[in-house]
There are 2 protein chains.
Amino acid sequence: MTVVNGNHCTIRTSCTDCPLHALEGFRPFTPDQLSFISHFKVGEFTANAGATILVEGAHSAHLFTVLEGWGFRHKVLDDGRRQILNYVLPGSLVGLQGSLLGEMQHSVEALTPMTLCVFERDRIDELFRNHPALAYDVTWIAAREERILDEHLLSIGRRSALERSAYLLAALAERSRVTGQSKTKNGDPVHLPITQVHVADTLGLSVVHTNKTLRKLADRNLIRWLDRGCEVRNVTTLAEVAGWELPEEFGRPFL
Amino acid sequence: MTVVNGNHCTIRTSCTDCPLHALEGFRPFTPDQLSFISHFKVGEFTANAGATILVEGAHSAHLFTVLEGWGFRHKVLDDGRRQILNYVLPGSLVGLQGSLLGEMQHSVEALTPMTLCVFERDRIDELFRNHPALAYDVTWIAAREERILDEHLLSIGRRSALERSAYLLAALAERSRVTGQSKTKNGDPVHLPITQVHVADTLGLSVVHTNKTLRKLADRNLIRWLDRGCEVRNVTTLAEVAGWELPEEFGRPFL
DNA sequence: CGGAGCATTGAGTTTCGTCAAGGGTTGTGG
DNA sequence: CCACAACCCTTGACGAAACTCAATGCTCCG
């Protein structure tokens with residue numbers, strides 16, 4: 001496995017009481033699916049914050065679902081310029097591109113300590129052959145990722161620095177709310193485990209300019225920047241600033 | 001069907017002699033798959049240049065594969081700012097997001113006269129249930145689209161205007177070469193049916209700045225701008241300017 | 001013949017990047 | 001326990017990149 005700074009463990013959490021099922025956002029499995037998934041899952045994997053989970057160019061034999069923690073997908077140019085493509089949260093499927101297309105063309109790094117379910121790439125055929133509903137779900141997940149990338153592309157291409165920042169933070173806060181602890185209520189502030197460097201590399205801006213832009217949002221009391229992370233205080237107004245409509249998601253599938 | 005300025009026709013081309021199979025880039029069907037696809041295809045659809053094929057917000061009952069012609073996917077902000085997300089060429093699957101996730105969140109417009117195969121969205125379940133290999137292909141196609149978006153995101157976020165333009169034109173020329181007429185050889189100039197407005201809206205630049213940037217590429221004799229389109233004269237050097245490695249694709253699936 | 005769309009160019013302005021410097025916190029090793 | 005390095009956030013000054021406004025010529029089409 002191409003992993004830096006992480007540990008490969010045996011299964012700790014049984015799929016039967018998968019913590020993701022406790023969350024509102026996700027749809028449940030049928031007994032049949034549950035039994036297949038339990039069998040499909042070959043292990044569990046934990047990574048420290050900062051660990052590289054998948055690296056560009058690798059031909060990984062594995063596919064992951066995030067159980068706990070945050071991470072991000074990114075690409076780098078030869079001279080070191082980095083672009084963060086998207087964030088991965090609990091429920092995200094990681095490494096699908098590598099599994100289907102052969103080679104990873106982006107890396108995945110942990111933002112916080114993470115726990116991931118490990119699936120074997122070779123058994124994907126089995127999934128498609130014997131569990132069409134799950135195969136459909138995989139495609140669904142891929143289509144959803146595509147939709148998020150579409151949104152992000154619109155943002156980077158056509159929104160101003162202020163709008164972009166507002167969009168990113170609103171979108172992440174919303175994703176966090178849905179996949180996060182259910183005790184977080186709609187109005188409560190959400191904590192995002194990212195630095196301003198991450199924001200800059202996500203939005204295609206310099207760190208300096210990002211800082212000045214975030215300050216404007218903080219001055220309006222929409223966010224507060226902490227130690228090593230961002231507290232989102234008003235998702236609704238952020239979405240308004242961005243000219244973005246909050247999506248409504250429910251019954252979302254995962255593996 | 002939510003279509004402007006197009007005609008819905010009965011089937012003209014039998015899947016048996018699908019023109020896409022004649023091209024190097026695509027993989028062939030098994031007889032079994034071929035018979036299913038022939039049955040899955042419910043019609044054929046032609047659109048004029050400039051026609052809107054799918055519109056943001058629509059719940060289309062259809063899914064398409066491009067048989068002939070070029071188009072593009074795009075989103076617009078309230079005030080009219082437009083972002084082109086990706087281009088669709090022969091072999092591209094159109095409308096998957098709408099079919100799986102419910103509602104289209106982007107529009108698709110024809111760039112040239114187009115011909116598309118029409119599939120019925122409701123029969124996708126059947127495809128997943130009875131043809132796992134085709135289901136796998138659909139997912140493969142979605143993962144490939146995701147990869148293209150990743151590249152594009154890197155480009156817009158972190159490449160300079162010159163690099164971006166070079167990347168876009170090289171990538172489109174390469175896609176055109178693979179899906180285009182097989183008589184086009186590797187060294188021959190490729191014609192892209194786009195205007196500078198399209199380039200600008202793809203790269204997140206203004207038309208004026210796009211024009212000045214393209215001029216620099218033209219001055220180096222890498223491209224030539226024509227009437228209503230771009231002639232790409234040197235894909236290799238363009239890719240070098242962009243710091244981009246030309247991908248090698250073969251045996252690509254499609255529906 | 002007039003209008004619409006496209007490419008082109010120049011001039012002035014805004015946005016954003018680079019450079020530079022300082023302060024705070026964390027973590028590590030002596 | 002302290003010194004030091006590494007990382008992160010912040011701010012100001014300056015320069016470069018990109019945008020807007022404006023005007024021109026061209027072709028195609030009704």
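Quantities reported herein were computed from a predicted structural model and do not represent experimental measurements. The chains referred to below are lettered A, B, ... by the order of the sequence lines, with proteins before strands, and numbering in each begins at 1.
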Exercise: do [X] and [Y] side chains pair donor with acceptor under 3.5 Å:
X	Y	value
A:E163	A:S160	yes
A:H209	A:S206	no
A:E146	B:Q97	yes
B:Y87	B:T202	yes

Is it true that B:R147 and A:E103 have a side-chain N and a carboxylate O under 4.0 angstrom from each other? no

List in chain and number order the residues that pass salt bridge (charged side-chain N to carboxylate O under 4.0 Å, His left out) with [X], two or more places apart in sequence or in another chain; answer none if no residue qualifies.
X	result
B:R220	none
B:R215	B:D219
A:R252	none
B:R73	A:D150, B:E145

Positional range of nucleotides in DNA chain D within the contact set of chain B, heavy-atom, under 4.0 Å: D:dA18 to D:dC21

A:E56: which residues meet the side chain to side chain contact (heavy atoms under 4.5 Å, CB included) condition with it, sequence neighbours left out? A:K75, A:V76, A:S107

Let me know the distance between CG of B:L214 and P of C:dC6, rounded to the nearest Å. 15 Å

Given atom CG of B:L226 and atom P of C:dG5, what is their separation to the nearest angstrom? 21 Å

If you look only at pairs with a residue in residues 143-171 of chain A, which of them pass as a ring-ring contact (aromatic ring centres under 6.0 Å, His included), with sequence neighbours excluded? A:Y167-A:W244

For residues 216-237 of chain B, which residue pairs qualify under ring-ring contact (aromatic ring centres under 6.0 Å, His included), counting only residues two or more places apart or in two chains? none

All ring-ring contact (aromatic ring centres under 6.0 Å, His included) counterparts of A:H106, not counting sequence neighbours: none

When the C1' atoms of the five terminal pairs at each end define the local axes, what inter-axis angle does the helix from C:dC1-D:dG30 to C:dG30-D:dC1 show, to 10 degrees? 30°

Show the distances under 3.5 angstrom between N or O atoms of the protein and N or O atoms of nucleotides 24-26 of chain C.
none

Within the 4.0 Å limit for protein heavy atoms, which parts of nucleotides 9-21 of chain C are touched? Write it as a string from 5' to 3', B for base, S for sugar-phosphate only, - for none. BBB----BSBB--

